[in-house]
**Student:** 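Just dropping this structure here.
Each chain gets a letter, A, B and so on, in the order the sequences are listed, and its residues count up from 1.
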Number of protein chains: 2
Amino acid sequence: MSLELTPVQTVACCSPLTREPLSAPEAEGIAPLLKALADPVRLRLMSLVASHEGGEACVCDLNDAFELSQPTISHHLKLLHEVGLLDREKRGVWVYYRARTEALTNLAALIGGQAK
Amino acid sequence: MSLELTPVQTVACCSPLTREPLSAPEAEGIAPLLKALADPVRLRLMSLVASHEGGEACVCDLNDAFELSQPTISHHLKLLHEVGLLDREKRGVWVYYRARTEALTNLAALIGGQAK
DNA sequence: CCATGACATAGATAGGTGTGAATATTTACA
DNA sequence: TGTAAATATTCACACCTATCTATGTCATGG
């Protein structure tokens with residue numbers, strides 16, 4: 001087991017941006033999360049998965065929503081999975097991605113949160 | 001007056017990510033905002049400015065917080081200003097940046113918001 | 001009017017990123 | 001076993017970006 005934290009694990013432990021200056025290590029832990037979201041395709045992917053019924057969607061559904069090659073979608077999904085924004089589950093031939101809503105909630109609290 | 005909206009103007013008009021799928025134009029409007037935040041230096045700059053007394057800070061203060069050249073900091077500040085996250089005001093020789101907290105609030109609502 | 005200090009801009013460069021084509025892997029099923 | 005379908009991986013490439021150095025602009029004080 002590694003001591004490395006995924007960005008999603010890092011984000012939960014900081015007071016909001018506007019409360020006190022973010023330390024350099026904190027900032028470097030959080031930036032990858034924002035980077036993962038900071039792409040139109042990945043934003044839509046997150047939104048598609050999160051708003052999909054059951055909170056999950058299979059790759060086949062997602063591919064159809066874009067005019068991009070299947071490997072490109074797969075690449076973006078992998079990125080979102082690696083930072084901890086999407087969970088992955090293989091069921092038969094299909095792979096289902098599920099949004100980690102508590103990760104989004106934590107991130108939102110960090111960006112716009114008022115309280116400690 | 002242009003019809004182009006800054007990312008900050010775009011973000012205020014969408015329901016949360018998890019509520020319904022983001023449209024492609026919406027996603028392309030919002031991504032630049034996240035991109036602007038998705039850098040450790042800019043995250044710390046935003047945090048420094050937002051948490052500074054009076055909600056503003058002059059560039060001289062900010063430069064000292066990093067081991068980066070002054071032009072590099074200036075570059076990052078410009079980026080944050082262009083997307084609408086920072087306001088800029090010149091007073092004498094000094095330039096003061098001020099965080100647009102309502103922009104952060106809107107962005108947070110979009111990412112982690114539960115309600116419409 | 002000139003020198004100095006605060007900040008911005010321009011140009012250059014190394015490294016990162018989004019994309020597609022080709023290919024591999026894995027599962028289901030005949 | 002072998003074929004087809006769903007998804008991932010590899011490789012290559014054009015474009016973007018974070019940074020620095022050098023230089024420019026602008027306001028202040030002598």
**Student:** Tell me which nucleotide among C:dA8, D:dA5, D:dT7 gets nearest to the side chain of A:Val93.
**Tutor:** D:dA5
**Student:** Rounded to the nearest angstrom, tell me the gap between atom CG in B:Leu68 and atom C1' in D:dT17.
**Tutor:** 14 Å
**Student:** Please report the C-alpha distance between A:Leu37 and A:Leu104 in whole Å, then the side-chain angles of each, then the deciding distance to 0.1 Å, and finally whether the side chain to side chain contact (heavy atoms under 4.5 Å, CB included) criterion is met.
**Tutor:** CA-CA 10 Å; A:Leu37 278 181; A:Leu104 291 173; 4.3 Å; yes
**Student:** Could you tell me the separation between the CG atom of B:Asp39 and the P atom of D:dC16, rounded to a whole number of Å?
**Tutor:** 18 Å
**Student:** Expressed in angstrom and rounded to an integer, what is the separation of A:Leu37 atom CG from C:dT17 atom P?
**Tutor:** 15 Å
**Student:** Keeping the roles fixed (side chain from B:Arg42, backbone from B:Lys35), state whether a donor-acceptor pair exists under 3.5 Å.
**Tutor:** yes
**Student:** Provide, to the nearest angstrom, the distance between the CD atom belonging to A:Glu89 and the C1' atom belonging to D:dA6.
**Tutor:** 16 Å
**Student:** Please classify the nucleic acid contact of B:Arg91 as base, sugar-phosphate, or nothing, using heavy-atom distances under 4.0 Å.
**Tutor:** nothing
**Student:** Of A:Thr72 and A:Gly92, whose closest DNA chain C nucleotide lies nearer the 5' terminus?
**Tutor:** A:Thr72
**Student:** Nearest heavy atom decides the nucleotide; on that basis, is A:Gln70 or B:Arg88 closer to the 5' end of DNA chain C?
**Tutor:** B:Arg88
**Student:** Give one of base, sugar-phosphate or nothing for B:Tyr97, where a contact means two heavy atoms less than 4.0 Å apart.
**Tutor:** sugar-phosphate
**Student:** For D:dC26 and B:Lys90 - does any side-chain N or O of the residue sit under 4.0 Å from the phosphate oxygens OP1/OP2?
**Tutor:** no
**Student:** Using a cut-off of 4.0 Å on non-hydrogen atoms, how would the nucleic acid contact of B:His75 be classed: base, sugar-phosphate, or nothing?
**Tutor:** base
**Student:** Taking CZ from B:Arg42 and C1' from D:dA18, how many angstroms apart are they, rounded to a whole number?
**Tutor:** 8 Å
**Student:** Donor-acceptor pair, distance only, cut-off 3.5 Å: does the side chain of A:Ser47 make one with the backbone of B:Glu20?
**Tutor:** yes
**Student:** C:dG16 C1' sits how many Å from B:Lys35 NZ, rounded?
**Tutor:** 11 Å
**Student:** Nearest-Å distance, CD (A:Glu82) to P (D:dA8)?
**Tutor:** 12 Å
**Student:** Is B:Arg98 reaching over with its side chain to a backbone N or O of B:Gly54, donor-acceptor style, under 3.5 angstrom?
**Tutor:** yes
**Student:** Taking only the side-chain heavy atoms of A:Leu79 (C-beta and beyond), determine which of C:dA8, C:dG18, D:dA8 contains the nearest atom.
**Tutor:** C:dG18
**Student:** If you assign each of B:Pro71 and A:Ile73 to its closest nucleotide in DNA chain D, which residue comes earlier from the 5' end?
**Tutor:** A:Ile73
**Student:** Hey, which of B:Val59, B:Thr72, B:Val41 is the one that makes side-chain contact (heavy atoms from CB on, under 4.5 Å) with B:Leu77?
**Tutor:** B:Val59
**Student:** Grab the CG-C1' distance between B:Leu62 and C:dC7 for me, whole Å please.
**Tutor:** 12 Å
**Student:** Name the nucleic acid region contacted by A:Asn63, choosing base, sugar-phosphate or nothing; use a 4.0 angstrom heavy-atom cut-off, strictly under.
**Tutor:** nothing
**Student:** Side-chain N or O of B:His76 less than 4.0 angstrom from OP1 or OP2 on D:dT19?
**Tutor:** yes
